[in-house]
Amino acid sequence: MARKVVLLVGTKRGLFIGESSAKRGTFKFTGPVVGREPVFCSTSDDRKGGLTLYACMNSWHFGPTVHVSKNGGKTWKRHETQPRYGKDSGRAVEQLWRVIPGGADEPGVLYCGVAPAGLFRSEDGGKSWGEVSALNNHSTREKWQPGGGGLCLHSVLVNPNDSRHILVGISAVGVFETTDAGKTWAVANLGLNNVFHPDSGGNDIGSCVHSIAFAAGGTGRVYMQNHVGVFRRENVSSQWQTIENGLPSRFGFPVVAHPRDSETAYTIPLEADSHRAPKDGKLAVYRTRNGGKKWEKLNKGLPQNAFVGILRDGFATDGMEEVGLYFGTTSGQVFASNDEGYSWSLAADLLPPIQSVHAFVKD
Amino acid sequence: MAITIQLPTVLAREAGTASATVNGATVAAALDALDLLHPGLADRIRTESGEPRRHILIYLNDTEVREMEGLRTALKDGDKLFIVAAVSGG
């Protein structure tokens, strides 16, 4: 079967699925599937051989649920058991922000980040879930305060070379890191500008991480788009360094890493937290090819009067030889590049506000 | 004691039925029984801490249970529970 590239586009009113040939010239979209409720995140998992899709749907009325599809998105079901806090914990899961597969060596393992902030782990493909208690009951928890999106654990990264090494990002709280599969967690905010104490530079709680991405190659390098800047960190316990040379602003939500080149990453700057759209409407992706020493503007094909927002999970790569990039806007457009970001085209329009984009290659 | 639970459209679609008849001495017990019939359905109505979800109303006959004793409200044979998705507009 010819390879296809598939986009899972989570919106405020359901999940849409786009499909294209490997050339990625045009995408044909179907949907909404799953339901008509907000889908904050979706992902694909082929570690067991077959393709499984997962989507985090947050129903206004009926609560948050992970939905699963085993047939490429044609039909979906929710398992009976969902990520939920203990009955006597005093917490109740309000939203599901992120679901991702665990490492390649642990098929069946999933992680799910939720609000109020917490991490859950499944070892059976989402049929059952357990709390990652050492994080959810971390000694710093009483200091955790919500950001604009609530107290949400929105980012989860599993090191592709070591599934015991996991980073999570919590809005307005910061990054936590484990190297023992979640038994212990350390605050990993060293060097970040604290939201509440901008010049602290310490390892305090209170850094507003927006998104994080492991660089390719398994070196442990991580890129971050933060509320107050863009950062890079080389390895466990090292200090975050500012990497903003060439960016028009420090603010934005998503950052994605090139799937094979550890020096290359992408972000989409927005003007400021008080104006969450590209400066003067000039929509552009910025790319670094030297680990953040310098960023270059990529806007060929992108509208230059676009006062749109791009959310933290709204940007993705596809892993093809010539990497495709895709981002969705809060105005319902999907923009696609099939040439590593050099040029862009409109892949979809008039969708509901887009919360998330996930891309994968289907053989 | 037989309690009838009337489901809203979305949950009726998930359950494959618009209503269910269960036993239960309280609203909470009736929801527990509903969950045995349709695993996972009670989670759509109440949170893990045992409270009705914010935008869900549960009427016992013609009174919303928050105006009584919440999910601890006692039931009697023949009672009807109506699960309602709250609607607001503007």
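Throughout, a chain's letter reflects where its sequence line sits, starting with A, and its residues are numbered from 1.
Looking at R46(B), there are no atoms closer than 4.5 Å to chain A (heavy atoms on both sides), in backbone or side chain. For a residue to count as touching a neighbouring chain, one of its non-hydrogen atoms must lie under 4.5 Å from one of that chain's; by this rule S89(A) does not touch chain B. Interface residue R78(A): only side-chain heavy atoms are found under 4.5 Å from chain B. Of the atoms belonging to E51(B), not a single heavy atom falls under 4.5 Å from chain A.
Under 3.5 Å, the side chains of H358(A) and S356(A) contain no donor-acceptor pair of N or O atoms.
Classification of D43(B) and R53(B) as a salt-bridged pair holds, one side-chain N sitting under 4.0 Å from a carboxylate O.
Atom CZ of R72(B) sits in a sparse spot, with 12 or fewer heavy atoms from other residues, nucleotides or ligands closer than 6.0 Å. The number of heavy-atom neighbours closer than 6.0 Å to CZ of R141(A), taken from other residues, nucleotides and ligands shown, is above 12.
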